[in-house]
Amino acid sequence: MTKFEEKVYNVISLIPKGKVATYSDVAKAIGHPQAARAVGNALHKNPFAPVVPCHRVVNSNGYLAKNFGAGGIKEQQLRLQAEGVIFYNESKVSLTKYQYHFPKESI
DNA sequence: ACAATGACCCAGT
DNA sequence: AACTGGGCCATTG
């Protein structure tokens, strides 16, 4: 477990129920604005599958990750819907409505 | 230490 | 709107 991943999981657990955040935003929140990719990498491992609400993290288009682990994007979609998030398509959410902006520094 | 990989992002065509 | 290419960052072989 690296420090970087720790921060990632940490900020992600801050996302309130019924809201979503982009990889880019998460990256910014941990002080690495250009590390969106690394964030996705950290999530792919997802050591704390049930603990960290990784299903609340989407890409900048509002789409879910294609290679989502832990049951696939289908599972992710169900979890989000269960929290009150409405989907545009099979796997797209409205960022303007549900995107959560992290407080100044959430590290 | 080097090269390759990936749940990404942005700008250009 | 869809496709392409280049750039970023951390992890892994």
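Order of the sequence lines fixes the chain letters, A, B, ..., with proteins taken first and strands second; residue numbering starts at 1 for each chain. Owing to the predicted nature of the structure, the values given are computational and were not obtained by experimental measurement.
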Test ring pair (Phe, Tyr, Trp, His ring centres under 6.0 Å) applied to A:Y100 and A:F102, step by step
CA-CA 6 Å; A:Y100 171 71; A:F102 291 99; 5.3 Å; yes
Can you check the A:I73 CD1 to B:dA7 C1' distance for me, whole Å?
11 Å
Taking A:K97's backbone N and O only, do any of them form a donor-acceptor pair with A:K19's side chain (distance below 3.5 Å, no angle check)?
yes
Gap between atom NE2 of A:H55 and atom CD of A:Q77 - 0.5 Å precision
12.5 Å
What's the CG-P distance between A:L64 and B:dC8, to the nearest Å?
11 Å
Considering only nitrogen or oxygen atoms on both sides, find all protein atoms under 3.5 Å from nucleotides 11-13 of chain B and state each distance.
none

How about A:I30 and A:N10: do any of their side-chain heavy atoms sit closer than 4.5 Å?
no
Can you check each nucleotide of nucleotides 4-13 of chain C against protein heavy atoms at under 4.0 Å and return B for base, S for sugar-phosphate only, - for none, in 5' to 3' order?
---BBBBSS-
Side-chain heavy atoms nearer than 4.5 Å, only ILVMFWY residues, links allowed to pass through others: does that put A:Y23 and A:I73 together?
no
Those residues at least two apart in sequence (or on a different chain) that pass side-chain hydrogen bond (donor to acceptor under 3.5 Å, both in side chains) with A:S60 are none
Does the side chain of A:R56 reach to within under 4.5 Å of the side chain of A:K17, using non-hydrogen atoms?
yes
Rounded distance (Å) that lies between atom C1' of B:dA7 and atom CD of A:E75:
16 Å
Can you tell me the distance, in whole Å, between the NZ atom of A:K66 and the P atom of B:dT5?
17 Å
Can you tell me the distance, in whole Å, between the NZ atom of A:K28 and the C1' atom of B:dC9?
10 Å
Please give, in whole Å, the distance from B:dC9 P to A:D25 CG?
9 Å
Should A:S24 be listed as having a side-chain N or O under 4.0 Å from OP1 or OP2 of B:dC9?
no
Find the distance between CZ (A:R37) and CG (A:N41) and round it off to the nearest 0.5 Å.
8.5 Å
